Each structure stands twice: as structure tokens, then as C-alpha cells.
Amino acid sequence: MKSPHSRGPSSGRRPEGSQSGGQSGGGKSGGGKFGGGKSGGPSGGRPGGQRFGKGAPSGGRRSGPPGLAARELAADLVAGVEEGRLLDALLDGGDLAKRFEALEVKDRALVRAITGVALRRGGEIADVLGRLIEKPLPEAAKDLKPILTVAVAQMLFMEVPDHAAVSLAVEATDRVRGLSPWKGLVNAVLRRLGRERAELTTDVDAVWLNTPIWLMQRWIETYGEETARAFAAMHAIEPSLDLAVKEDPAHWAEVLGGTVLPTGGVRLVAHGAVENLPGFEEGAWWVQDAAASLPVHLLGDLAGKKVADLCAAPGGKTAMLAARGANVTAVDASGRRLERLKANLARLGLAANVVKADVAEWMGGPFDAVLLDAPCSATGTIRRHPDVAFLKGEADIAGLAVIQRRLLDQAIRLVKPGGLLVYCTCSLEPEEGPEQIRRLGLIDAPVERVPIMPDEVFGFAEMITPDGDLRTLPSQLPNPDARLAGLDGFYAARLRRL
Ligand SMILES: C[S@@+](CC[C@H](N)C(=O)[O-])C[C@H]1O[C@@H](n2cnc3c(N)ncnc32)[C@H](O)[C@@H]1O
């Protein structure tokens, strides 16, 4: 995989007279995933992973000054994503997860914050580093890149004093086998950034720098340039924490210092570990983006109905279906993710029949209603999962569309005649949304579309397509406080089985 910070041949700085940096400004980068920027850069674009304490998973690590362990772990996570692993996977078992768990709660929050910024603003950071380090670093120094990335993230985009970011980066460099000789360079580069930040960061088209070119071009084609830029702008901001509440959202909004959304959930500024928030232990709420709560509403009254939740784990929609009185069968192919689903339901005091199976082959039911939340490229969730922008490519979309087709064909077989099927994905790509439904028309599948009405989605008419499907966008649900704005990009279509 290419390093996400590897840049193309053309500059990502705003071309004179251009509104946007445009397609020619981003250019086809000859394989680099992110748009624009000076060529070269600190690692020459090689994927690399900082390896603090390599070979000494925990006991062999010297402790350092306060905050160092958080920076080291953030650098290792950034390196892990560059190597092609999802952040959630890196923090779900293994050495990095152990180091994360060993940190105090405030340092865990710091790791998440630094890693998030380093990934969200990865193109801008790489651009600055490319200006500061003109010649590619030699192979022996490639592991400097995540250390520098994390330091620049703090200096440019977080309220961390420069001296703290610089000294911890120098200390981190000193602790990696073979990197000590580069301490002076790290110090000099970061101090220069401190002195020259204004010159180094003006006239940058952040939207193009931080978004993979292929994705930006797709969005422009599908949604137009203004909307595509609005998505990308939202990706630079850490999103709110959205909660689905079992009952009494107004009470929980007050307790948690949030607001009740028109969709019925509670939204608050994200801070710290959710496990420590009031109501978590007693199972009063679960984390769910406001947009992700909408597909279940499209199934109408579910009390006493037999409902299949296909591709159900970790169970956000299962919980919603169960809380609405459905008799739910939750099916997923991943045993590990189903364990999380079971734990989530247990905490919430909700129940479902849990089945581990490949939905494409599973025979059950028939059901009064079926929800298929198909695996997808997740390009609608980049706000929440900035690593997705690094790890997905255009080829993934075509491959996922084939899987979605098989799952949708099977889901139709599982619905009783007259019953409803909601197909949804958290992707912004047409192949994973409306194209799937268009294909059903072409093959004469035994379903008809049941158009969604604005009052079923809390009056948000702008979320309904001319065909009557749901399409939410990262740029929707604006708020004067940017930390409380936005939605995941979701698509949903409602079908009736004939
Ligand atoms: C988008 S996530 C589902 C999120 C879930 N519905 C929720 O609301 O929490 C997609 C899920 O599809 C599952 N999956 C992927 N391919 C599958 C298949 N062929 N059969 C069953 N589950 C599958 C994955 O394990 C993953 O849990």
C-alpha cells in the first residue's frame, strides 16, 4: 500500500486564480493517495511503522516523561494505519491495544485526539513536512515519519505548546533503536516549523490535500464540487458524540450536557472515554450516529413483529429494533463482532436471537421485516473514522458492490410477501446505494420501492432523493458550533416484497 502521506507530482497549494485547487491541482498523483503537495517528503512515501519498544511489548519499556507514552502510541497507531490496518482493529487486541489499555483515561483520550488529528489532517501535515525536509530521508530514518507527523499534528492543530510537542518528539526519537542520530534533525525541523508556521501553511487547499484524489473526484462527479468540498471540510473536524437513548432523551441530554436531536438521539461534544459517562454502566444509551438511527425508523411499527437484522454486529440497529419491541434475529458472519453485539445487548438489557452465518447463504424466516446494513466502503463515516480515507481504494467499491448484490438478493428471499425490507449502507458511493436498487428493477426482482416520506425522517425533506430513498450527507445538520454539526453519509431504500 502507498503511504497515505505520499503526494503526487503537482502542488496542492491553491493555484492562482482557482477557486478550489480543482481537479488539475489535485491531479492524478501517479499512485499517491492524497492530493497535491510537494513531492518527496520525509519517508519518500514508504509505508512505515514507528516501533517503540519493539520486541519488548510492555515490561521492556522505560517509562518517560508525562505524555510521552501517549505520543509514542499515537505515532505507532499512525504507522499501523499507514501499513494498512484499521484503527479500530489496531485497538482491538494485540500489543498496541495493551499499551492503550495501560494508559490513564486522560492519556487514552489524548492518544485518540492526536491520532485523529494526524489522520484527518494527514495531507496538510505531509505537505508541511515536505517543505521542511527537502530531500527524502534515508531508509534508516523512515521511522521518523510518524514521530514527526504526530508532532506536527499537535503544533499546527492542537492546543499543545510547541516546546512540549518538540521535546517529546525528540525524546521519542531517542528511544527508538537506530534513530538517536536523528534527534538533532527532529529538533531543528520542528523548531523551524514553530518559527515559520505562517509561511509554511498559508495558501494551502486543505480539502484537496487531506482527501484522496480518487474519492474527491468521485464526489464531485456525484454531488458537485461545492458539496464534495463541504464533505471534505467536515472531515477535518472531530465529530460530535451521538447517542441513541432507550428512553427520556431530554433527561439524558441534561445529565450529559448535550442536546436532543430532531432524530430523538442526544448529541454532545466528544470528550474522553464513553465508558466513563453517566448512563453507560446502567445501559441507558448506546453510541450511534444520528444518521445510522434513521433506517430502523423506515420499518414503521415493529412491536411484536419478527424482524431479521442482517449484518448486525456490533448491534447498534439490533438494539434499536429490540427497543422498539421487535422479536429480532441478528445475523453476522463475524464471531468476534457478534461477541461485541452480545455484550452491548447485555449492557442495555435488550434481547435478540444471535446467529453467526454468512447472510448470502443463510436460510431463516420468513420475516415480517428485514434490515440489511450491508458491509461497504464506509466513505460516509470518514468524519468518525478518518483511517477509512487512507485504507479504501476505488477497487474496493467495485468488490463490495458485488458482495452487496449477493446479500441483497438473499435478503429479499427472507421477507414474507407484503413485508418490508430496508437496504442501507454508510457509503456515499452510488454503486453501494441507488445502483443496487436500480439493478433490482433491471432483473425484475420481486420487490417494489416504497418511497420514504419527509415526516418519516423528522421532516428532513433534503434527505430524500427524487426516487424516494434516504440519502444523508456529512455536510447536513449544520450547527454554529462546528463540533456539533454533521451526519454520517447514509443511504437507505425501502422495498416491499411482492
Ligand atoms: C456496517 S457493519 C454492520 C453495523 C451494524 N448493523 C450496526 O448497526 O451496528 C457490517 C457488518 O457486516 C458483517 N458482514 C460482512 N459480510 C457478511 C456476510 N457475508 N454475512 C454476514 N455478515 C457479514 C460484518 O461482520 C459487519 O459486522
Side-chain angles (χ1 to χ4, degrees), residues 222-223 231 242 244 261-265 288-302 307-312 315-321 324 326 328 330 359 367-381 384 397 400-401 403-405 407-412 414-415 419-441 445 447-477 486-497:
T222 310
Y223 299 99
F231 298 171
D242 286 4
L261 290 168
T263 52
Q288 186 178 55
D289 184 88
S293 72
L294 296 175
V296 168
H297 288 288
L298 307 180
L299 290 171
D301 180 9
L302 292 170
V307 180
D309 182 10
L310 307 179
C311 300
K317 297 179 190 68
T318 313
M320 236 184 127
L321 293 164
R324 292 161 78 87
V328 190
V359 163
F367 293 90
D368 299 316
V370 170
L371 176 68
L372 170 59
D373 186 13
C376 69
S377 62
T379 55
T381 69
R384 299 197 178 279
I397 293 171
L400 285 158
I403 294 170
Q404 289 149 8
R405 201 180 303 162
L407 297 175
L408 184 51
D409 286 346
Q410 184 61 10
I412 290 171
L414 300 174
V415 194
L420 290 177
L421 163 64
V422 166
Y423 166 82
C424 63
T425 58
C426 55
S427 163
L428 291 165
E429 314 316 312
E431 297 92 321
E432 303 185 272
E435 291 291 311
Q436 293 289 341
I437 306 305
R438 196 176 65 86
R439 182 191 66 93
L440 294 179
V447 285
E448 64 180 2
R449 186 184 247 128
V450 184
I452 297 159
M453 296 296 146
D455 64 343
E456 295 178 277
V457 289
F458 307 95
F460 289 111
E462 68 275 24
M463 294 179 189
I464 299 181
T465 69
D467 284 330
D469 300 338
L470 176 76
R471 158 55 73 215
T472 64
L473 304 174
S475 49
Q476 286 172 335
L477 223 59
L487 270 183
D488 278 0
F490 248 85
Y491 169 82
R494 180 171 55 192
L495 308 167
R496 180 178 293 114
R497 174 72 201 261

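These figures come from a predicted structure and were not determined experimentally.
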Validation row: Leu294, Phe460 side chains within 4.5 angstrom (heavy atoms): no

Side-chain (Gln476) to main-chain (Leu473) donor-acceptor, under 3.5 angstrom: yes

Any Leu495 side-chain heavy atom under 4.5 Å of Val415 side chain: no

Contacts of type side-chain hydrogen bond (donor to acceptor under 3.5 Å, both in side chains), residue Tyr491, not counting sequence neighbours: Asp469

Side-chain heavy-atom pair Leu414, Leu310 within 4.5 angstrom cut-off: yes

Min side-chain heavy-atom separation Leu421-Leu408 under 4.5 Å: yes

Nearest non-hydrogen partners of Cys311 and Leu372, listed with the distance: SG-CD1, 3.9 Å

From CG (Leu298) to CG (Leu420), nearest 0.5 Å: 9.5 Å

Residue pair Ile452 / Val457, side-chain heavy-atom distance below 4.5 Å: yes

Minimum-distance pair of heavy atoms, taken over all atoms of Ile464 and Met453: CD1-C, 3.4 Å

His297 versus Thr263, closest heavy-atom pair with distance: NE2-O, 4.2 Å

Atom of Pro451, atom of Arg494 and distance for their closest heavy-atom approach: O-NH2, 2.9 Å

4.5 Å side-chain heavy-atom contact, Leu440 and Ile412: yes

Residue pair Ser377 / Glu432, side-chain donor-acceptor N/O under 3.5 Å: yes

Side chain proximity check, Phe490 to Cys424, heavy atoms < 4.5 angstrom: yes

Distance, nearest 0.5 Å, that separates CG of Leu371 from OG1 of Thr318: 8.5 Å

SG on Cys376 to CG on Leu407, rounded to 0.5 Å: 11.5 Å

Gln436 versus Ala401, closest heavy-atom pair with distance: NE2-O, 3.0 Å

side-chain hydrogen bond (donor to acceptor under 3.5 Å, both in side chains) against Glu462, all qualifying residues, sequence neighbours excluded: none

Leu302 side chain near Leu321 side chain, heavy-atom distance below 4.5 Å: yes

Under-4.0 Å salt bridge between Glu448 and Arg497: no

CG-CZ distance between Leu400 and Arg405, expressed to the nearest 0.5 angstrom: 11.5 Å

Which residues share a side chain to side chain contact (heavy atoms under 4.5 Å, CB included) with Ala244, sequence neighbours left out: Trp286, Gln288

Minimal non-hydrogen separation, Gln404 against Thr425, with atom names: NE2-CG2, 4.3 Å

Audit row: Arg384, Asp289, side-chain contact (heavy atoms from CB on, under 4.5 Å) steps and yes/no: CA-CA 9 Å; Arg384 299 197 178 279; Asp289 184 88; 2.9 Å; yes

Side-chain H-bond candidate by donor/acceptor type, Asp488 with Thr381, under 3.5 Å: no

Lys/Arg-Asp/Glu bridge criterion (N-O < 4.0 Å) met for Arg439, Asp409: yes

Nearest-0.5 Å distance that lies between atom OG1 in Thr472 and atom CG in Leu487: 5.5 Å

Salt bridge Asp373-Lys317, side-chain N to carboxylate O under 4.0 Å: yes

